[in-house]
Amino acid sequence: MGEYTVHIVDDEETVRKSLAFLLTMAGFTARVHESATSFLAVAPGLRCCCLVTDLRMPDMNGVDLLRQLGASNAMMPAIVVTGHADVPMAVAAMKAGAVDFIEKPFDDEVLFDAIKRAAERIGGPESDTDNAAVVQSRLELLSERERQVLSAVVDGKPNKSIAYELDISPRTVEVHRANVMAKMQAKSLPELVRMTFAVKRSEA
């Protein structure tokens with residue numbers, strides 16, 4: 001799977017070990033860390049690697065871990081995994097630098113694909129360009145109203161708030177959201193957020 005290491009940060013030992021076993025059996029090189037704090041201690045010396053971190057941990061959550069990595073210039077391509085996902089959390093993770101945000105339970109291939117995407121960015125963000133171009137082409141299929149709904153959804157606003165701001169019914173918001181998901185070919189809201197941020201990164 002290339003010359004890189006996948007670092008797993010999770011406070012639950014069984015989860016750490018099962019993820020490491022899963023990745024090793026799939027051909028990845030994996031290392032485990034029991035907390036965000038212990039990982040931060042070694043992160044500055046790591047090279048050619050990516051990170052898979054749980055979101056909810058007692059000492060420091062996954063988003064704060066990414067922020068600390070960024071502040072210490074030790075940022076690496078990262079995937080945030082959670083069993084309690086919502087759009088604001090996904091947005092916070094992406095703003096903190098996450099490449100992907102995955103909801104539990106997930107298929108093994110979903111994690112493998114996310115790690116491969118993360119690994120493509122080890123050398124820098126340039127590899128986002130092609131993906132961003134695909135997403136941009138899908139964005140161009142959206143109507144003006146669908147773009148407005150997409151923007152509000154990515155901001156983490158609930159349907160009722162979106163309906164109020166756009167002066168339409170909540171049911172109409174649901175229809176627009178469904179259309180956005182279909183046109184963007186997004187299987188989940190976190191995936192939709194990831195797509196949107198891929199375009200933003202390419203424009204930065």
Closest heavy-atom pair and its distance - [X], [Y]:
X      : Y      : result
Ala92  : Arg67  : CB-NH2, 4.3 Å
Glu146 : Lys183 : OE1-NZ, 2.9 Å
Val154 : Val91  : O-CG2, 2.6 Å
Pro77  : Cys49  : CD-O, 3.7 Å
Gly97  : Leu66  : C-CD1, 4.4 Å
Val80  : Ala98  : CG2-CB, 4.0 Å

Minimum side-chain heavy-atom gap [X]-[Y] below 4.5 Å:
X      : Y      : value
Val81  : Asp10  : no
Ile102 : Ile79  : yes
Ser35  : Asp11  : no
Met94  : Thr196 : no
Met89  : Arg56  : yes

For the atom pair [atom1] ([X]) and [atom2] ([Y]), what is the distance rounded to the nearest 0.5 Å?
X      : Y      : atom1 : atom2 : result
Lys160 : Ser169 : NZ    : OG    : 12.5 Å
Ile115 : Tyr4   : CD1   : OH    : 7.0 Å
Met57  : Leu55  : CE    : CG    : 8.0 Å
Ser38  : Met60  : OG    : CE    : 10.0 Å
Arg16  : His33  : CZ    : NE2   : 10.0 Å
Glu3   : Thr5   : CD    : OG1   : 9.0 Å

Examine distances only and state if a side-chain atom of [X] and a backbone atom of [Y] form a donor-acceptor pair shorter than 3.5 Å.
X      : Y      : answer
Arg147 : Leu139 : yes
Ser151 : Gln148 : no
Asp107 : Glu109 : no
Asp155 : Lys157 : no
Asp100 : Ala114 : no

Is any NZ, NE, NH1 or NH2 atom of the basic residue among Glu174 and Arg177 found under 4.0 Å from an Asp or Glu carboxylate oxygen of the other?
->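 So Glu174 does not pair with Arg177 through a salt bridge.
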Ion pair check, Lys104 and Asp54, cut-off under 4.0 Å |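 Yes, this pair counts.
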Would [X] end up clustered with [Y] when hydrophobic side chains under 4.5 Å apart are linked, directly or stepwise?
X      : Y      : value
Val175 : Met184 : no
Tyr164 : Val149 : no
Leu192 : Leu141 : no
Val32  : Phe21  : no

Can you list the steps and then say if Val153 with Val180 is a side-chain contact (heavy atoms from CB on, under 4.5 Å)?
-> CA-CA 10 Å; Val153 168; Val180 168; over 6 Å; no
Could you check whether the rings of Phe39 and His7 sit parallel, tilted or perpendicular, using 30° and 60° as the cut-offs?
->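 Geometry flag for His7 against Phe39: tilted rings.
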Results of side-chain contact (heavy atoms from CB on, under 4.5 Å) for Ser72 - residues two or more places apart only |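 Residues passing side-chain contact (heavy atoms from CB on, under 4.5 Å) with Ser72: Ala74.
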Using side-chain contact (heavy atoms from CB on, under 4.5 Å) as the criterion, list what pairs up with Ile168, not counting sequence neighbours.
->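 Ile168 satisfies side-chain contact (heavy atoms from CB on, under 4.5 Å) with Arg145, Leu166, Thr172, Val173, His176 only.
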By salt bridge (Lys or Arg N to Asp or Glu O under 4.0 Å) - contacts of Glu34 (at least two apart) |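 Salt bridge (Lys or Arg N to Asp or Glu O under 4.0 Å) list for Glu34, sorted by chain: empty.
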